[in-house]
Amino acid sequence: MHEVIISEKPKSAEKIAKALSSKAQKKKYGRKISYWEFEEDGKRTTVLSAVGHLYSLTSATSRDRLGFDLKWVPAYEVEKNSGYVRDYVYAIKKLSKDADKFVHACDYDVEGTLIGYNALKYACGNNAEAKASRMKFSTLTKKDIVEAYNHMIDIDLHQVDSGIARHMLDYYFGMNISSALMKAVRSSSSSRISLSAGRVQTPTLSILVDREKEIQSFIPEPYWQIKAKSDFDIIANHVEDKIFDEERAKRIFDECQGADATVTNVNVKETIRKPPIPFNLGGLQSEAHTVFGFSPKRTQVAAQNLYVGGYTSYPRTSSQKLPESLGFKEIFAGLLKDEEFRKHIADLPAKLKPNEGKKEDAAHPAIHPTGVLPSNLSPDEEKIYRLIVYRFISVFSEDSKLETMKVDLNVNNEEFVFTRKRVSHEGWLKHYPFKKQEADEFPPLKKGDFLKIHEIISEEKETKPPARYNEASLIKELEKRELGTKATRADIIAKLYDRKYIDGKKIEVKPLGVHIIDTLKQYCKNLTSEELTREFERELDCLSADKITKEEILANGEKEVRSILKDINNNQKEIGSKLYESYQESNVVGECSCGGKLLKKYSRRNKQTFIGCSNFPQCRNTYSLPKGANILKSTCPTCGLPMISIKRKGQKGREHVCLDPNCGKEVSKRRAPEVVGKCPECGRDLLKRSGRFGEFVGCSGFPQCRFSCQLKDLDKILLEKSEELSK
DNA sequence: GCAAGGTC
């Protein structure tokens with residue numbers, strides 16, 4: 001009897017094997033793939049693992065991967081960067097060959113069910129998916145695993161169908177519409193540009209476009225703030241804060257001139273600040289963005305590496321909870337071996353109770369250190385690791401206390417106010433070095449005191465448009481709207497940058513991004529909003545309730561996409577030319593000396609980005625971009641070309657220089673070439689030059705006169721020529 | 001080349 005258990009990822013395979021038998025042995029298939037095996041009561045059990053989805057959809061009929069007739073193929077055949085999947089598929093194929101019992105032990109959700117189902121169906125084969133039993137667990141603790149193993153259920157075919165339908169619908173809409181947009185551009189300009197649209201990326205872009213339009217159409221309103229300066233570095237604000245009436249501002253300003261202040265009230269109060277809550281992926285990404293300026297993707301990569309190394313827990317979790325079963329004592333015992341951490345852990349209360357957040361996750365707890373101390377971390381991993389450890393420690397720490405002083409002043413019957421804040425009890429703040437602590441001085445004031453006013457200031461300001469999103473705040477917005485999943489949000493945003501729809505840390509939408517949304521709003525409105533996701537959800541719920549079949553859902557989807565494609569194709573030329581125009585506009589970086597526009601271009605031949613002119617081929621001005629250079633918005637004061645920021649080797653920080661590396665250098669400074677004689681053919685100067693094959697001599701009349709020779713041969717040639725002439 | 005979803 002041979003039983004094969006298939007889990008979703010290598011880490012779960014290990015946990016499942018160890019929970020089911022103390023005799024479980026780690027084995028290797030090839031050099032890279034681990035699996036687990038044990039034998040009890042004459043039954044051999046092999047615990048294998050997938051690595052997420054092993055199979056991907058592709059077109060069953062067309063070579064260009066388009067259409068509606070789809071099939072599942074091994075992911076490594078159609079997706080780049082999926083090469084590592086190959087060995088896992090082979091391992092499952094090989095090691096399950098003689099199995100007579102199959103167990104599906106992937107995460108208990110729609111995607112997990114499909115991952116295991118496809119592994120059984122396509123890798124194990126022989127109808128394994130129909131014979132298999134299903135383990136249902138919510139955490140990978142020994143108790144849950146054993147319980148699930150002892151009470152196995154059938155595979156939920158509704159979950160399987162939901163998963164398949166979701167994958168297919170995303171393919172229908174995403175692949176076909178993206179391709180139609182690119183085809184439209186090709187039809188009008190014969191240019192190839194990468195364009196894409198999808199159920200998640202398009203609404204995400206749409207959120208950014210809406211914000212962009214709000215900012216563009218914002219009309220700032222002037223207002224005034226009146227401030228009073230006094231001893232103890234006090235700057236008190238007039239209680240009305242923003243005064244929109246200029247007359248009134250002026251009146252207050254005038255009336256306060258020369259007057260002193262009376263303290264009418266002093267209020268000091270203490271507030272409690274609870275420790276922070278444990279990190280889920282979004283929380284970690286947001287904090288790393290604030291503290292280190294890391295993009296969510298960068299944080300995710302570092303956290304994944306820490307997890308694979310065994311130093312921190314599974315990162316793709318939405319949980320903000322730390323169950324006691326994790327064994328806090330053991331984790332801290334591990335961390336104690338680090339001198340720096342020990343100082344902080346020593347302070348913790350005897351009873352370890354974490355301050356938790358509200359969010360939960362069926363499969364994983366919040367992100368936490370495992371207690372295994374790392375070595376050889378990259379700088380990014382080191383930063384993220386310390387952040388996770390200190391957050392973990394502070395979650396268990398005491399409350400901190402903040403003292404706030406609020407002082408009311410009366411200046412010639414106008415009321416002013418100022419506040420000061422200081423931490424009165426450090427508590428958890430002592431263990432969380434990433435948060436700035438308030439430490440204002442409290443001036444010794446009491447009710448009835450007089451204060452000399454040194455100056456009254458009136459500041460004219462303007463109301464500001466809503467702030468731009470950054471990557472972290474956008475991820476939060478996507479979480480709120482339930483767009484994408486915790487594992488994909490960072491990738492989706494990275495994709496929008498890749499496509500050149502958006503730009504900058506404070507996200508700006510480029511003309512191409514705005515235009516993609518304009519086009520799609522016209523031809524398939526529900527793709528630009530969350531409506532498509534909600535429509536999928538509604539239909540998949542109906543599928544689970546047996547109110548609709550998978551085939552019906554897919555037929556509806558196909559009908560909808562086909563009608564969109566027809567509309568796009570009927571207006572192909574117009575859509576294409578408009579998109580291409582905005583694409584070019586998106587690449588304008590400045591003005592060329594010929595009056596044309598300088599564009600960012602890509603040379604296929606050199607595989608490099610460079611700057612060229614929109615008047616090419618009439619204007620052949622080009623500038624190369626040094627590696628890692630960023631084009632800035634500012635222009636060079638000398639020549640008007642855009643400035644770029646570059647990083648020089650061995651230098652700290654970045655340097656801002658003109659796009660033209662010869663800008664400002666006078667011709668004479670470029671070392672005028674040396675005159676070495678007169679041209680024997682035209683009588684003009686001969687100049688010493690250096691070329692690919694060493695020094696040579698050329699005529700200054702080039703290209704009208706093309707005389708040239710090697711420097712060492714010059715004397716001989718001149719002699720020959722003069723002899724020829726004298727003959 | 002184009003999606004979104006798992007994962008190393």
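Side chains are part of it too, since the values below use all heavy atoms of this structure and drop only hydrogens, waters and symmetry mates. The sequence lines fix the lettering, A, B, ..., with proteins before strands; numbering per chain opens at 1.
- At a threshold of 4.0 angstrom between heavy atoms, the contacts of A:Gln300 with the nucleic acid are absent.
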*Could you give me the CA-CA distance, side-chain angles and deciding distance for A:Ser313 and A:His368, then say whether side-chain hydrogen bond (donor to acceptor under 3.5 Å, both in side chains) is met?*
CA-CA 6 Å; A:Ser313 64; A:His368 60 273; 3.3 Å; yes

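- Protein atom CG of A:Leu532 is 12 Å distant from nucleotide atom P of B:dG5, rounded to whole Å.
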*Report the C-alpha distance between A:Asp361 and A:Lys486 in whole Å, list the side-chain angles of each, state the deciding distance to 0.1 Å, and finish with yes or no for salt bridge (charged side-chain N to carboxylate O under 4.0 Å, His left out).*
CA-CA 11 Å; A:Asp361 185 311; A:Lys486 51 195 176 277; 3.5 Å; yes

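- Here B:dA4 presents its C1' atom at 13 Å from CG of A:Leu540, a figure rounded to the nearest Å.
- Nearest nucleotide to the A:His167 side chain, out of B:dA4, B:dC2, B:dG6: B:dA4.
- OP1 or OP2 of B:dG5 has at least one side-chain nitrogen or oxygen of A:Arg199 nearer than 4.0 Å.
- A:Gln201 comes within 4.0 angstrom of the backbone, heavy atoms only, and of no base.
- Taking the ring axis of A:Phe294 as reference, the NZ or CZ atom of A:Arg298 stays within 45° of it and closer than 6.0 Å to the ring centre.
- One interatomic measurement links the two molecules: CG of A:Asn81 to P of B:dG5, which rounds to 18 Å at whole-angstrom precision.
- At a threshold of 4.0 angstrom between heavy atoms, the contacts of A:Lys32 with the nucleic acid are absent.
- Following rounding to the nearest Å, A:Leu520 (CG) and B:dC2 (P) show an atom-to-atom distance of 16 Å.
- A sub-4.0 Å separation between OP1 or OP2 of B:dG6 and a side-chain N or O of A:Arg316 is absent.
- Within residues 485-493 of chain A, the residues that have a heavy atom under 4.0 Å from DNA chain B are, in order of number, A:Thr485, A:Ala487, A:Thr488, A:Ile492.
- In terms of phosphate contacts, A:Arg499 brings a side-chain nitrogen or oxygen within less than 4.0 Å of OP1 or OP2 of B:dC2.
- Across all strands shown, A:Ala50 has no heavy atoms under 4.0 Å from either base or sugar-phosphate atoms.
- With B:dC2, B:dG5, B:dC8 as the choices, the nucleotide that has an atom nearest any side-chain atom of A:Val51 turns out to be B:dC8.
- Here salt bridge (Lys or Arg N to Asp or Glu O under 4.0 Å) pairs that include residues 77-87 of chain A, with residues two or more places apart or in two chains, are A:Lys32-A:Asp87.
- In the set B:dA4, B:dG5, B:dC2, B:dG5 carries the atom at the smallest distance from any side-chain atom of A:His53.
- Counting any heavy atom pair closer than 4.0 Å across all strands shown, A:Asn305 reaches no nucleic acid atom.
- Across all strands shown, A:Gly484 has heavy atoms under 4.0 Å from sugar-phosphate atoms exclusively, and none from any base.
- By the 6.0 Å and 45° rule, A:Arg166 does not stack over the aromatic ring of A:Phe536.
- Among the atoms of the strands shown, only primed sugar atoms or phosphate atoms (P, OP1, OP2) are found under 4.0 Å from some heavy atom of A:Tyr314.
- The OH-P distance, from A:Tyr108 to B:dG6, rounds to 17 Å in whole Å.
- When the side-chain nitrogen and oxygen atoms of A:Ser194 are compared with OP1 and OP2 of B:dG1, none of them lie within a distance under 4.0 Å.
- Residue A:Tyr55 is out of contact with every strand shown, counting any heavy-atom pair closer than 4.0 Å.
- Both the sub-6.0 Å distance and the 45° axial angle are satisfied by A:Lys11 relative to the ring of A:Tyr307.
- Residue order along DNA chain B, read from the 5' end via each residue's closest nucleotide, puts A:Glu79 first among A:Asp107 and A:Glu79.
- One interatomic measurement links the two molecules: NZ of A:Lys80 to C1' of B:dG1, which rounds to 8 Å at whole-angstrom precision.
- Between the CE atom of A:Met182 and the P atom of B:dG1 there is a distance of 10 Å, rounded to whole Å.
- Residues passing the ring-ring contact (aromatic ring centres under 6.0 Å, His included) test with A:Tyr35: none are found, sequence neighbours excluded.
- Nucleotide B:dC8 holds its P atom 19 Å from the OH atom of A:Tyr29, rounded to whole Å.
- Remark: A:Lys93 is not positioned above the aromatic ring of A:Tyr122, lacking an NZ or CZ atom under 6.0 angstrom from the ring centre and at most 45 degrees off the axis.
- Both the sub-6.0 Å distance and the 45° axial angle are not jointly satisfied by A:Arg199 relative to the ring of A:Phe173.
- Across all strands shown, A:Ser196 has heavy atoms under 4.0 Å from sugar-phosphate atoms exclusively, and none from any base.
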